[in-house]
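We name chains A, B, ... by the order of the sequence lines, and we start the count at 1 in each one.
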2 protein chains.
Amino acid sequence: MRHRVTIDGVFPLERGGTLSDVTVDVRTWGRHRKNATLICHALTGDADADAWWAGLFGTDRLFDPATGYTVAMNVLGSCVGTTGPTSERPDGEGTYGADFPDVTIRDMVNIQRRVLELLNVQKLDLVIGGSMGGMQVLEWALMYPEMVDTIVPIAVGSAQSAWAVGISDAQRSAITSDPKFRGGHYPADDPPRDGLRTARMFAMITYRAPTEFSSRFGRSLVDGDFAVQSYLRYQGDKLVDRFDANTYLTLIDAMDSHDLGRGRGPIEAILRRIEARTLVVGISSDVLYPVGEVRELAAGIPGARFAVLDSNAGHDGFLVDVEALNRIVLTELRERVTEEVSPGSGAAWA
Amino acid sequence: MRHRVTIDGVFPLERGGTLSDVTVDVRTWGRHRKNATLICHALTGDADADAWWAGLFGTDRLFDPATGYTVAMNVLGSCVGTTGPTSERPDGEGTYGADFPDVTIRDMVNIQRRVLELLNVQKLDLVIGGSMGGMQVLEWALMYPEMVDTIVPIAVGSAQSAWAVGISDAQRSAITSDPKFRGGHYPADDPPRDGLRTARMFAMITYRAPTEFSSRFGRSLVDGDFAVQSYLRYQGDKLVDRFDANTYLTLIDAMDSHDLGRGRGPIEAILRRIEARTLVVGISSDVLYPVGEVRELAAGIPGARFAVLDSNAGHDGFLVDVEALNRIVLTELRERVTEEVSPGSGAAWA
C-alpha cells in the first residue's frame, strides 16, 4: 500500500534549519501491526523496496507480507515522493532548489519515526538497509533504542570515511562546475545534465568492482566504444532522467555527515551504547566501504555478529546478490528465535 | 644532462596517422654507455625522473650515475617537452590541439627506440616503469626483444582492464562535457579548467587507498571543509596549472589502448613470447590495477618473478614507497648477477 503522509507543522533540523509540512512517500506490505520491519534505502533509492529489493520479498524471504508488516519510505531530502529540493515551498514561492536546508541522516530517522507514529507502529522488529540505508539503520539504534529490536546495517561504517568523502567530493565537483548548475538555481527544464551524468559515471564505478567489470565487459566493443563506456554512459543518462542535481548534492552531503560520534562523544564509546541485536554485513568486493571498515564497525558493537556477503558486484552486492543476502540475514534471525525459546542460550548472538 | 632530440622526417603511427619532426625531451644520468637503463613514466610524468623517483637515484640505488647510464624521456603525446597536442604544427598553422593524432603505447616505444639509436644506446640492461610506464616496459619486451635484458613492469596488467577503462571514461566525460572544452578547440588561455580539475580529483582517488585516506585525513576539517576535500581540490588545481586537457585525453586514450595481444594473437600466447628476465611488481593496496591482476600478468610470462610492494598508498605506492621498491628490485637484480657468475644456477629466476 502507498501512503502519502504529511507531518504537519514545523520540523526542526539538526543543522539548524526547519521545514514545514513535510510530506513522506511511504510503502507498506502486509497487514498492519504495531511491530514492523523498516527498510532504509540508499542514495538514489525510493520507497518501492519491492522493486529494488524484489528478491527479499515473499515466502521464505526477509520481507514476507503473509507473516509480517514491512515499511519503507523515501528519505527526507530526496526527490521521489518525499519533501526535498524539488518540492514546492509551503509559501507558494516555487520549489526549494538550492535553498533546501542541510539535512543529516539523523533528520531522516527523525522523520521516519514521526511517520511510524502516525502509522501506529510502536516497535521495529528489524531495521535494515545498505549504504546510506545502513547509516539510517545505525542511527535508529542510537536515537530510538527503545523502539528497535534488531538492526542489520550493510556495507557501511561507523562514520563516512575520508575515502568516501573524497569520492563524494569528486562528484560534487562534477555537478557544481557544470555552468548549467548556476549555483543550484537552475530551471527544472534545463538542469546540469552533464555534471550529474559524470558524477553518476564515477559513482557507478565505485559501486561495482574490478573483477566484475573484467568478466562482464572485458575489452569488448560496442559501436567502436568499449562496452564498459557504453554501460557507464547509459547509467549516467538513466540517472539524469530520473534524479535531480540539488537533491543529489543534498543526499551526498547527508552521507558525508554520517558520524555516529558527532555531538555524542568518542565513537568507540558510542558504539558500545548500541543495545539492539546487531548483524553487520560487509561485502567482499566493496570498493566504497571496504569490508575491513565494516568489520571494524561490527567489532565495536557489543554482541554484534558480522557476516561477509561474498559477491563480485562490489558495493552494489547488497542489491545484486540478494539470494545470498536473504540467506545470511534469515539464518541469523531464525537462529536467534531458536535461541530465545531454548533457555540459557542468550549468548549465541554475542 | 638534458637533450632535445628531434627525429627528422615523417613518423608513422600505429593508428594510421603520421607526425613530422617529432621532438623528444630526454634526460640522461651517468657517463654514456651503449648499455643503458630506461625509465618509463606514468600519465602526467616527465623526463625528470630524478625528481619524481628521486629516492631511486644514488649510491646503492637502482639508478646510480656513478656506475650506470640511465635514460628517461617524456612520452610522445605529452606536453612536458615532447611533441604532443600543445606543440606547434610543422606547417606553422598553430598548435595541434584536438587534431593531434591518436597515439598508442607502441608509438611511444617506437619513438623511444629511435631516440636511443640517436644516443647510440644499443642495449637496455633494464627497462622499468609503473602504470602507463609499465605498459611501455611490457611493449619494449615484445617489440624489441633483442635490445632488452631485464624488464620491471610495476602496477600494470597485460591489457587495460574494463575497470581502468571505465575510470578513464568518467574522467573523459568530466573534461569533454566542460563547455570550455569546445570539442578540443579551446584557446590556450581559456582551457577547460573545471573539467580537468574534476577528472584529476577522481583520478587521484583511484591512485590512493581507503586506509591511507583514513589515517591521513580522517574526518578532520580545514576551513569548514573536510581535509580530504581540500587535498583533492588542491591536487586538481595543481594539475590544471601544469597540464593540458587535450594532452590528458590523448594519454588516457593511449592507456586504454594498452593490450599486449592487440593485432598479435591471444594474450596468453603473446605473454609466453616475452624472453626478457622479468620482475613484475604489484602494489598491495592498488585500487586501479589490483594486485591480483598484476599477479596474473606475472604468471603468464615465462620465468617471471612476482613481488608485492606492501604499501598503504594505493597505486601511487611506486612513487611513495620508493625505499621498499628500491630494495625489492635491487635484491632481484643482484641475486641475478650472483646466479650468473655461479655456474648452473640459471633457474633461480624461473
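- Residues of residues 167-174 of chain A lying under 4.5 angstrom from chain B, judged on non-hydrogen atoms, are Ile167(A), Asp169(A), Ala170(A), Arg172(A), Ser173(A), Ala174(A) in numerical order.
- Using a 4.5 Å cut-off between heavy atoms, Ala227(B) does not touch chain A at all.
- Looking at Arg193(A), there are no atoms closer than 4.5 Å to chain B (heavy atoms on both sides), in backbone or side chain.
- The choice from Arg197(A), Arg233(A), Arg216(A) that makes the most heavy-atom pairs within less than 4.5 Å of chain B is Arg233(A).
- Heavy atoms of Asp256(B) lying under 4.5 Å from chain A belong to its backbone as well as its side chain.
- Comparing Ala209(A), Ser214(A), Gly292(A) by how many heavy-atom pairs each has under 4.5 Å with chain B, the most go to Ala209(A).
- Within the 4.5 angstrom heavy-atom criterion, atoms from both the backbone and the side chain of Phe202(A) approach chain B.
- Residues Asp194(B) and Ser177(A) come closest through the heavy atom pair CB-CB, 3.7 Å.
- In this structure, the portion of Leu232(A) lying under 4.5 Å from any heavy atom of chain B is its side chain and not its backbone.
- Taking Ile205(B), Asp178(B), Thr176(B) one by one and counting their heavy-atom pairs under 4.5 Å with chain A, the maximum is reached by Ile205(B).
- Contact tally against chain A (heavy-atom pairs below 4.5 Å) for Thr211(B), Val228(B), Leu288(B): the top residue is Val228(B).
- By the salt bridge (Lys or Arg N to Asp or Glu O under 4.0 Å) test, Arg219(B) pairs with Asp259(A), sequence neighbours left out.
- Listed by sequence position, the residues of residues 236-252 of chain A in contact with chain B number zero, using a 4.5 angstrom heavy-atom cutoff.
- If you run ring-ring contact (aromatic ring centres under 6.0 Å, His included) between Trp163(B) and each of Phe226(A), Phe213(A), Phe217(A), only Phe213(A) comes through.
- Screening residues 285-296 of chain B for salt bridge (Lys or Arg N to Asp or Glu O under 4.0 Å), with sequence neighbours left out, gives no hits.
- The neighbour count for Asp223(B) CG, taken as heavy atoms of other residues, nucleotides or ligands under 6.0 Å away, does not exceed 12.
- The environment of CG in Asp310(B) is sparse: at most 12 heavy-atom neighbours from other residues, nucleotides or ligands sit within 6.0 Å.
- For the options Ala159(A), Pro290(A), Ser161(A), Pro179(A), heavy-atom pairs under 4.5 Å to chain B are most numerous at Pro179(A).
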